[in-house]
Amino acid sequence: MSREYACLIVEDSPMMRQLLVFALARVKNVKVTEADDGVDGLRKLASGRFDIILTDINMPIMDGLKLVKRVRSDPAHKDVPIIIITTEGAQEDKRRALELGANAYITKPIQAPQVIAKVRELLGIEAP
Amino acid sequence: VQDSRPDIDEDDELSTLASLFVAADHLHRSLSFAAVTRTLRDVLIELIGARSWACFVADGTFPAPPERGRNQNEGARPKLRVCAGEGVALDEREFEVGKAITPLGHLVERTFLTGERYLATGDLREAPRAALPLQIEGRTIGALVVVEFFPQKDALTALDHKLFDLLSVHAASALLSASLHQRAAVRHASKPRA
C-alpha cells in the first residue's frame, strides 16, 4: 500500500488556497489541510502529523516568516519541509524565509506544475 | 485516439483552467462587497502580478445601474470613482467624465467611453499599463486599471489575457450584485419594526 502524505497549506486568501488545493489534488496520496494564517497553521500542526507545509508570507495575525521560525524551533516539526509562497519582487522575504529554515520558495502567480514539482521533490515522490 | 492538439501542454492547460475557474468562482461566491473586492485584489495581485490597481465605477451604477445609453449621453456627465484599489493617488480617485487631467484619468475616461481595452506595448514598467472596460451585458459601467506591475514581470502571459477577459465581464456583475445586496441589507435593517 502506498504511503499517504499530509500537507498543510497556510494562506489567508481563500482563492489562492483553493488554487493550491487544486494543484495538489494532482499529486497522488497527498491529503491537504488548510489554515487561514500562521496562528491557525500552528493550531493545525499541533493537532496532527504533517509531511510538508506550504505557507504564504503576507498574512494577518501571524505571517509566514513568524510561522517558519516557530515551526523550526518546535522539536516535533523542526524537520518538516517548508515551501514559502512569495509575491514577485519580495526578495527580502525570500532571503529571510530561507535563513529561518524554509526549504524552497514559489513565486506568485502560482503555476500548478511548479507547485507539483516542488512538493514531489521535497517529499521524494517520483513523477508518474 | 490521436491527440488533435499535440502542441498544447496538458499541465499548463489544466493550470490555466484552474486559475480561471477559481477566479470566477470566488468573484461570484459572496454577496459581501468586501469579499468581492478582496477577490478582485487577489486576482490582480496574486494571479496577474499587479502592484497597483484601481476599479473605477460611474456614478449611478451602484446601487442601481444607469439606464442604457446614459454613458454616452452628453447632457449627463457622470463622475468616475474608485470603488476599490491600491496604490492610486487620492487626487486621481474621482473625476468627472470629460475633465480628467492625469494620464490615468484620461485612460479610465477613454476606456469608459469607448468600452475598449487598452494594453500598453513595450516596457511593462511604464504606468498605467492596462485598462479594461467593466461591462454588464455589453454596457460599460466603469474601468479596471492596472497602474503598475511588479518590477520582475516583463511580459503578459496567455493566462493574464484570459484573466483580463474574465474580469471585464465578471467583476462588474459581482460588484453590482454585492452592492445591491448591501443596500438592501441596510434598508432592511433600518426599517422600523412593527
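- Heavy atoms closer than 4.5 Å to chain B are found in both the backbone and the side chain of A/M15.
- Heavy atoms of A/D12 lying under 4.5 Å from chain B belong to its backbone as well as its side chain.
- Taking the six-membered ring where the residue is Trp, B/H28 and B/H170 present perpendicular rings, their angle passing 60° and hence far from 30°.
- Counting only heavy atoms from C-beta outward, the side chains of B/L166 and B/V43 never approach each other to under 4.5 Å.
- The closest side-chain heavy-atom distance from A/F50 to A/L45 is below 4.5 Å.
- Neither the backbone nor the side chain of B/D160 comes within less than 4.5 Å of any heavy atom in chain A.
- Of the charged side-chain nitrogens involved, at least one lies within less than 4.0 Å of a carboxylate oxygen, so that B/E86 and B/R41 count as a salt-bridged pair.
- For B/R38, the part lying under 4.5 angstrom from a heavy atom of chain A is the side chain only.
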